[in-house]
Amino acid sequence: MVCPEPLFQVDVEELVDMEVRNSFARIFESFLHRQPLFKNKEALRHSYTPDELPHREEEINALATILAPALKGETPSNILIYGKSGTGKTIVSKFICRGLRETGKKYGVPISTVYLNCEVTDTQYRVLANLAKHFGENVPFTGWPTDKVYAAFKEAVDERRQNVIIILDEIDRLVSKGGDRVLYNLTRINSELQRARVSIIGISNNLKFTSYLDTRVQSSLGEEEIIFKPYNAKQLEDILKQRAELAFEPGVLDEYVIPLCAALAAREHGDARRALDLLRVSGEVAERENAEIITEIHVRKANEKIERDNVVEAVRTLPTQSKVLLYAVILLEERGTKFITTGKIYQVYKSLCRAVSIDSLTQRRISDLISELDMLGILNSTVISKGRYGRTREIKLEVPLKDIKRVVEEDIRLRSLSKFTLTQTRLI
DNA sequence: AATCCACAGGAAGCCCGGGAAC
DNA sequence: GTTCCCGGGCTTCCTGTGGATT
């Protein structure tokens with residue numbers, strides 16, 4: 001996500017500013033000889049699982065209590081875990097599963113755990129194929145009938161006596177993409193197994209997602225529910241302190257840095273992931289400035305950088321059609337159009353398509369693309385009714401216009417858009 | 001109260017590419 | 001090579017709707 005700008009370029013600019021032009025050798029020398037700020041940057045990554053998870057004791061206990069029967073060969077209840085992003089759901093689940101496996105190993109109880117992120121593995125087929133692969137079956141990523149994959153998984157799992165715990169992270173993604181049949185199958189699989197037993201841990205940040213499920217799945221999946229509360233600023237501070245000790249050289253952090261990172265992340269619904277990113281990027285910013293100490297200013301800069309980078313990256317990776325659509329909104333915004341509606345956007349969009357000679361999509365499809373951009377937080381759309389003048393969506397740009405305009409124009413196929421003016425359409 | 005606008009958004013189905021099996 | 005299956009992007013067709021206007 002956050003890709004640091006090349007060190008080289010920035011340093012050169014700075015040197016010119018400082019009117020130090022002797023030689024590049026000096027840059028390299030200083031790079032090599034300056035005191036490092038980081039001791040182990042990995043400790044600030046999301047993927048890092050520390051040995052202790054502060055302020056999640058209750059959740060850990062709850063989860064451990066539910067899963068403990070696996071150690072006696074009994075089948076633990078299925079569990080649903082709810083909580084906003086960065087509240088430790090994933091890390092706690094992985095942490096517990098690791099402990100469970102290790103304890104099982106110690107006492108000779110076979111327990112295997114599988115972690116699947118349903119944002120990537122978002123269909124029935126993919127979930128089953130991944131599970132089957134985990135148990136040694138060779139399933140192609142497409143091609144087989146789903147029943148066959150299911151059978152392959154069942155057979156592989158049932159080869160020996162074992163307790164299997166499947167973690168389905170972002171399980172709500174599965175439902176929104178019609179992969180909920182797999183949940184139905186998985187929750188009933190135990191009745192078809194001879195030796196193995198399967199339990200599911202579903203992780204979701206959407207409290208209401210079960211309402212979209214079949215009632216039978218609802219009740220069997222949600223046998224136990226655990227809710228992860230967001231961290232408050234004080235708790236985030238503790239987490240950051242713990243990681244900072246591992247990540248930074250002693251004495252490089254100004255005393256206000258951690259509280260500020262914690263406070264900024266607490267504003268974002270207590271997101272620990274954001275707090276860690278903030279701390280890491282602050283360090284990187286300071287490093288690039290050749291600073292010896294990381295200060296509040298670096299944190300502020302890091303915060304801006306993270307927000308900008310997120311948006312730019314989101315826009316850069318959009319499909320071409322969405323970029324053209326976004327460009328239509330940008331042009332309308334630049335024109336100061338008061339009510340930007342689906343219809344207006346569609347007309348501008350069509351002329352843009354003509355200008356860059358690509359096929360235009362139907363208004364129905366564009367309506368869906370607008371919703372997607374809304375979900376990404378790039379646009380904001382609200383359905384409004386203008387009485388006699390119809391019901392439509394009022395759409396606003398949610399991100400800095402200049403930044404994203406540049407990003408869209410960078411697309412090779414859309415270069416010529418920069419020359420386009422709205423007078424070419426009869427609108428507005 | 002009836003009408004009517006400008007869409008929202010659901011449902012069904014088409015088409016295509018990727019891949020396995022025959 | 002042909003057939004079958006899956007997922008994703010898309011179109012077509014359709015019904016529904018909030019509130020200004022008639």
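Each chain gets a letter, A, B and so on, in the order the sequences are listed, and its residues count up from 1. All values below come from the heavy atoms of this structure, side chains included, with hydrogens, waters and symmetry mates left out.
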Q | Step-by-step side chain to side chain contact (heavy atoms under 4.5 Å, CB included) determination, A:Leu332 to A:Ile395 | A | CA-CA 10 Å; A:Leu332 285 165; A:Ile395 295 139; over 6 Å; no

How long is the line joining [atom1] of [X] and [atom2] of [N], in whole Å?
| X | N | atom1 | atom2 | value |
| --- | --- | --- | --- | --- |
| A:Gln124 | C:dC5 | CD | P | 15 Å |
| A:Asp147 | C:dC5 | CG | P | 10 Å |
| A:Ile358 | C:dG9 | CD1 | P | 16 Å |
| A:Gln363 | B:dG9 | CD | C1' | 12 Å |
| A:Arg126 | B:dG18 | CZ | C1' | 11 Å |
| A:Asn130 | C:dG7 | CG | C1' | 15 Å |
| A:Leu369 | B:dG9 | CG | P | 14 Å |
| A:Lys386 | C:dG19 | NZ | P | 14 Å |

Q | Worked verdict on A:Asn78 versus A:Ile201 for side chain to side chain contact (heavy atoms under 4.5 Å, CB included) | A | CA-CA 6 Å; A:Asn78 294 328; A:Ile201 302 179; over 6 Å; no

Kindly point out which of [options] is positioned nearest to the side chain of [X]?
| X | options | answer |
| --- | --- | --- |
| A:Tyr125 | B:dC7, C:dT12, C:dC6 | C:dC6 |
| A:Arg388 | B:dA8, B:dG9, C:dA20 | C:dA20 |
| A:Arg393 | C:dG7, B:dG9, C:dG9 | B:dG9 |
| A:Val383 | C:dA20, B:dG9, C:dG8 | B:dG9 |
| A:Arg365 | C:dC10, B:dA8, C:dC6 | C:dC10 |

Q: Using side chain to side chain donor-acceptor pair (under 3.5 Å) as the criterion, list what pairs up with A:Thr342, not counting sequence neighbours.
A: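 Here no residue qualifies.
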
Q: Using only heavy-atom distances, decide whether a donor-acceptor pair under 3.5 angstrom links the side-chain of A:Arg364 to the base of B:dG9.
A: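 Such a pair is found, so the answer is yes.
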
Q: Starting from the 5' end of DNA chain B, give me the residue, A:Gly387 or A:Ser371, whose nearest nucleotide shows up first.
A: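 Nearer the 5' end of the strand: A:Gly387.
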
Q | Note: A:Glu296-A:Arg300 ion pair, threshold 4.0 Å (strictly below) | A |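 Salt bridge between A:Glu296 and A:Arg300, a charged N being under 4.0 Å from a carboxylate O: yes.
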
Distance check: side-chain N/O of [X] vs OP1/OP2 of [N], anything under 4.0 Å?
| X | N | result |
| --- | --- | --- |
| A:Thr392 | B:dC5 | no |
| A:Ser385 | B:dA6 | no |
| A:Ser367 | B:dA8 | yes |
| A:Thr123 | C:dG7 | yes |

Q) Do A:His269 and A:Ser85 get their side chains close enough for a donor-acceptor pair, meaning under 3.5 Å? A)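 Checked: A:His269/A:Ser85 side chains pair up, N/O donor to acceptor below 3.5 Å.
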
Q: Return the set of residues passing salt bridge (charged side-chain N to carboxylate O under 4.0 Å, His left out) with A:Glu409 (not counting sequence neighbours), or none when no residue passes.
A: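 Not a single residue meets the salt bridge (charged side-chain N to carboxylate O under 4.0 Å, His left out) criterion with A:Glu409.
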
Q | All salt bridge (charged side-chain N to carboxylate O under 4.0 Å, His left out) counterparts of A:Lys350, not counting sequence neighbours | A |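 Partners of A:Lys350 under the salt bridge (charged side-chain N to carboxylate O under 4.0 Å, His left out) test: none.
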
What are the atom names and distances for every N/O pair under 3.5 Å that joins the protein to nucleotides 19-22 of chain B?
residue	atom	partner	partner atom	Å
B:dA20	O3'	A:Trp144	NE1	2.9
B:dA21	OP1	A:Trp144	NE1	3.2

Q. For A:Arg413 and A:Val356, what are the C-alpha separation, side-chain angles and deciding distance, and is it a side chain to side chain contact (heavy atoms under 4.5 Å, CB included)?
A. CA-CA 7 Å; A:Arg413 287 154 294 189; A:Val356 292; over 6 Å; no

Q: Report yes or no: is the cationic atom of A:Lys41 (NZ for Lys, CZ for Arg) closer than 6.0 Å to the six-membered ring centre of A:Phe38, at no more than 45° off its axis?
A: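 Yes, cation above the ring, under 6.0 Å and within 45°.
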
Q: Sorted by first residue and then second, give each salt bridge (charged side-chain N to carboxylate O under 4.0 Å, His left out) pair with at least one member in residues 137-157 of chain A; sequence neighbours left out.
A: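 Passing the test, one end in residues 137-157 of chain A: A:Lys154-A:Glu192.
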
List every contact pair, protein side and nucleotides 15-17 of chain C side both N or O, where the distance is under 3.5 Å.
residue	atom	partner	partner atom	Å
C:dT17	O2	A:Arg391	NE	3.1

